[in-house]
Every structure is written in C-alpha cells, then in structure tokens.
Number of protein chains: 2
Amino acid sequence: MRRKRIRNWENRLREEGYKITTPRKSILSVFEQLGGHPNAREVFNNLSSQSPDIGLTTIYRTIELCVRLGILKKYDFGDGHSRYEIANEKTDHHHHIICEKCSKIIEYRDFLDEETTLIKKIQNKLEKKYDFNIKQHVLDFYGLCKECSDNK
Amino acid sequence: MRRKRIRNWENRLREEGYKITTPRKSILSVFEQLGGHPNAREVFNNLSSQSPDIGLTTIYRTIELCVRLGILKKYDFGDGHSRYEIANEKTDHHHHIICEKCSKIIEYRDFLDEETTLIKKIQNKLEKKYDFNIKQHVLDFYGLCKECSDNK
DNA sequence: CCTTTAAATGAAAATGATTATCATTACCAT
DNA sequence: ATGGTAATGATAATCATTTTCATTTAAAGG
Ligand SMILES: [Mn+2]
Ligand SMILES: [Mn+2]
Ligand SMILES: [Zn+2]
Ligand SMILES: [Zn+2]
C-alpha cells in the first residue's frame with residue numbers, strides 16, 4: 001500500500017536551509033498540542049512552564065518564518081492580534097464562524113458541494129473581469145454564539 | 001410618489017443624542033468625498049490642510065462612534081490598520097478582492113444570483129448546526145493584481 | 001568529539017496603531 | 001444669551017509587533 005509521505009515542519013525547514021533549534025521545536029510542538037487558533041502570547045504562555053527561557057521575540061520570529069514557509073496559516077479575526085494554526089491536510093482549507101461578543105471560533109469544512117463549485121466559478125469570473133491572479137479566499141460568518149445570544 | 005427618506009449621518013447622530021460638531025462634520029465629509037477605504041491616518045492627512053486643528057484622537061473617536069451607529073463599516077484587510085467606508089444603500093453589502101502585494105482593493109457587488117442564494121443557504125445550515133445567530137459574512141478574495149503579477 | 005561560523009536567540013528598546021486621561025472648549029436646550 | 005454636559009485635543013499610556021545588537025548554538029568538517 002502506497003502512502004503519501006508526510007512532510008513535517010522539520011523537513012520543511014531543512015529543505016529551506018533553516019536550523020532545527022530547541023525553541024523552534026518547542027514552539028511548533030505547542031501548536032501541535034494546543035490546537036485551535038492561538039496567538040503569539042498564548043503560545044508564549046503555554047511555553048512558560050516548560051521552557052521559560054524562550055522569549056516572545058523568538059515566538060514572533062518563528063511564527064513569521066513558518067507562515068512564510070507555509071507551515072502555519074495566519075488569520076485575522078479582528079480581535080486585535082493575529083492568530084495561527086498548523087497548515088496540514090487535516091486543517092487545510094476551511095471557513096470560520098466567529099462570535100462577535102466572546103470571540104469564540106468555530107471552523108467548518110463540511111462544505112456543500114455547490115459551495116466549493118460556486119466559489120471556483122466566482123473566482124474565475126473575478127480573475128477575468130478584474131485581471132487578478134487570485135490565490136485564496138476567506139469566507140467567514142460573524143454573529144453571536146448561543147451563550148452570548150442568551151445573555152442578552 | 002412616495003420615496004424612502006434618506007437618513008444621513010446627521011440625523012442618525014441626532015437620533016441617538018449625539019451632537020453635530022465641526023470636527024464630526026469635517027471627518028464625515030472626508031469619507032464622503034474621499035471614497036475608497038481610508039484608515040484613520042489617511043483621514044487625518046486629508047483633513048490637515050482644511051482643518052489642521054482636528055486631532056487624530058477625535059478621528060478615532062468619531063470613527064468608532066460611527067461604526068457603532070452603523071454610519072461607517074469597518075474592515076480589516078490584514079495590512080496592519082483598520083479601514084472604513086460609509087455605509088449606505090450604494091456601498092452596502094459587497095465583497096472585496098485584495099492584492100497581497102500592493103494592498104489595492106477592488107470591491108464588487110455584481111454577485112451572481114446563485115451567489116446570493118447559496119450564501120443564505122449556507123448561513124441557514126450553519127445557524128442550525130452550530131446554534132449561532134449569524135449577522136453577517138465576509139467573502140474576500142486575495143491574490144495579485146495585474147501590475148504586481150507582472151513585476152514578478 | 002572538538003572547532004568553526006553563520007544563523008538563531010533573547011533582552012531591551014523602538015515602532016506604530018489605538019485608547020485612556022484630563023483639563024479646556026463648544027453644542028444646544030432652556 | 002447662558003449653563004450643563006458632551007466633545008475635543010494634547011499628552012501619556014497600552015498593546016501588539018519589530019528592530020537592534022551582543023551572546024549563544026546548530027550543524028558541518030575535521
Ligand atoms: Mn481555522
Ligand atoms: Mn468596500
Ligand atoms: Zn459568544
Ligand atoms: Zn498589487
């Protein structure tokens with residue numbers, strides 16, 4: 001049985017000539033274990049117990065590098081800080097539902113078939129009409145989660 | 001012939017008990033005249049010649065107020081500062097195409113019929129499934145504009 | 001394993017956007 | 001016209017992110 005080789009972030013860094021360092025290992029492992037969409041400070045806090053010696057600066061630098069190499073995906077949900085998540089087959093393209101009150105984020109990838117088809121169709125139309133080379137799209141829904149709706 | 005009364009921002013402010021002040025007039029008029037999606041500093045710069053006495057603080061405050069009252073719409077295109085535009089019948093709901101290199105923004109509202117229909121359908125599905133009260137959505141496309149594509 | 005060396009790191013300062021303070025000013029209802 | 005109150009502006013404070021620079025470390029050879 002043939003299986004697609006999983007290229008993890010270490011290989012990806014090596015490919016590009018970057019070093020595999022202790023801070024980088026720790027930071028990426030936080031992303032792997034934490035899940036969700038942590039921001040830089042949240043990564044820092046989660047690291048403080050195990051590796052209190054890693055500076056926030058390094059976290060920012062590592063994150064920026066990983067985003068550049070496609071290891072992490074960067075999101076901006078409008079709550080004042082960038083959020084990130086590991087980019088892989090599982091977390092790949094998906095959309096979000098964001099609570100405007102408590103910032104809870106739900107992600108979904110069970111797109112309707114029509115959904116995927118139509119987005120492509122729109123994208124093609126726009127590329128021609130506006131002479132753009134479209135690389136990606138964001139479709140996020142904003143509103144109130146159950147709890148925040150109830151609490152008036 | 002009956003016509004829908006156009007409620008401009010002055011009426012809107014009055015309704016809510018806010019004062020119609022000189023700075024507010026100037027700031028809103030910049031939005032009216034400038035068009036596009038200016039950020040706070042751009043408004044400030046455009047104001048500096050006519051009204052050098054208006055502080056950046058007041059611009060932020062006026063913008064925040066107007067966003068809260070629905071007079072302005074706030075956007076975050078990921079270039080580090082919030083951008084705004086007047087919300088009215090003409091500028092109402094639309095989507096964006098953003099150049100990741102030069103931050104050029106194209107907005108379009110000539111949605112395909114299917115587009116509008118499908119978004120509603122998706123929204124209904126999500127509201128039930130995730131128990132969310134969805135108020136709005138963002139569908140933005142990111143890529144490279146003609147110029148930025150050409151300049152390799 | 002030991003050296004070498006450029007890349008990586010961390011502390012601290014800098015930056016840039018946005019917000020808070022607070023004394024002063026200006027709407028606007030009376 | 002005038003007073004009460006909201007609005008304003010200068011300034012300082014926050015907060016996320018970036019830059020600087022001296023020090024440390026990964027990894028390539030020997
Ligand atoms: Mn996500
Ligand atoms: Mn727009
Ligand atoms: Zn909520
Ligand atoms: Zn461009």
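The basis for the numbers below is simple: all heavy atoms, side chains too, and nothing from hydrogens, waters or symmetry mates.
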> How bent is the helix from C:dC1-D:dG30 to C:dT30-D:dA1, comparing axes over its five end pairs at each side, to the nearest 10°?
Replying inline: 40°
> For B:N39 and C:dG16, what is the distance between atoms CG and C1' respectively, to the nearest whole Å?
Replying inline: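 B:N39 atom CG is separated from C:dG16 atom C1' by 12 Å.
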> Rounded to whole angstrom units, what separation is found between the CZ atom of A:F44 and the P atom of C:dT9?
Replying inline: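 To the nearest whole Å, that distance equals 15 Å.
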> If each of A:T62 and B:R41 is mapped to the nucleotide of DNA chain C with the nearest heavy atom, which maps nearer the 5' terminus, i.e. the 5' end?
Replying inline: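 Here A:T62 is the residue nearer the 5' end.
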> Mind checking which nucleotides bracket the chain A contacts on DNA chain D, 5' to 3', with an atom under 4.0 Å from a heavy atom?
Replying inline: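 For DNA chain D, the relevant span reads D:dA16 to D:dA27.
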> Reckon B:D53 touches a base, only the sugar-phosphate, or nothing at all at heavy-atom distances under 4.0 Å?
Replying inline: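 The residue B:D53 makes sugar-phosphate contact but no base contact.
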> With sugar-phosphate meaning primed atoms plus P, OP1 and OP2, does B:G80 contact a base, only sugar-phosphate, or nothing at under 4.0 Å between heavy atoms?
Replying inline: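 Sugar-phosphate, backbone atoms only, no base.
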> Do A:H37 and A:E107 have side-chain N/O donor and acceptor atoms under 3.5 Å apart?
Replying inline: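 A donor-acceptor contact under 3.5 Å links the two side chains.
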> Just checking, any donor-acceptor pair under 3.5 angstrom between side chains of A:H137 and A:H93?
Replying inline: yes
>> Could you measure the distance from the NZ atom of B:K146 to the NZ atom of B:K104? Nearest 0.5 Å is fine.
In response: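 Here the rounded value is 10.0 Å.
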>> Rounded to the nearest 0.5 Å, what separates atom NZ in A:K73 from atom CG in A:N88?
In response: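 It is 10.0 Å, given to the nearest 0.5 Å.
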Where the side chain of [X] meets the backbone of [Y], is there a donor-acceptor pair that is under 3.5 Å apart?
X	Y	answer
B:R12	B:L69	yes
A:T21	A:R24	yes
A:N8	A:N11	yes

> When the ring centroid of A:Y108 is compared with that of A:H95, is the distance short of 6.0 Å?
Replying inline: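 Between A:H95 and A:Y108, which both carry aromatic rings, the centre distance is below 6.0 Å.
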> What do you reckon, are the aromatic ring centroids of B:H96 and B:F77 less than 6.0 Å apart?
Replying inline: yes
> Do other residues, nucleotides or ligands put more than 12 heavy atoms under 6.0 Å from B:D113 CG?
Replying inline: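 Check fails, neighbour count at 12 or below.
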>> Strictly under 4.0 angstrom, non-hydrogen atoms only: write out the protein contact profile of nucleotides 19-30 of chain C, one letter per nucleotide from the 5' end, B, S or -.
In response: BBB-----BS--
> How close do B:L56 and B:A40 get, heavy atom to heavy atom, and via which atoms?
Replying inline: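 The pair with the smallest heavy-atom distance is CD1-O, 4.0 Å.
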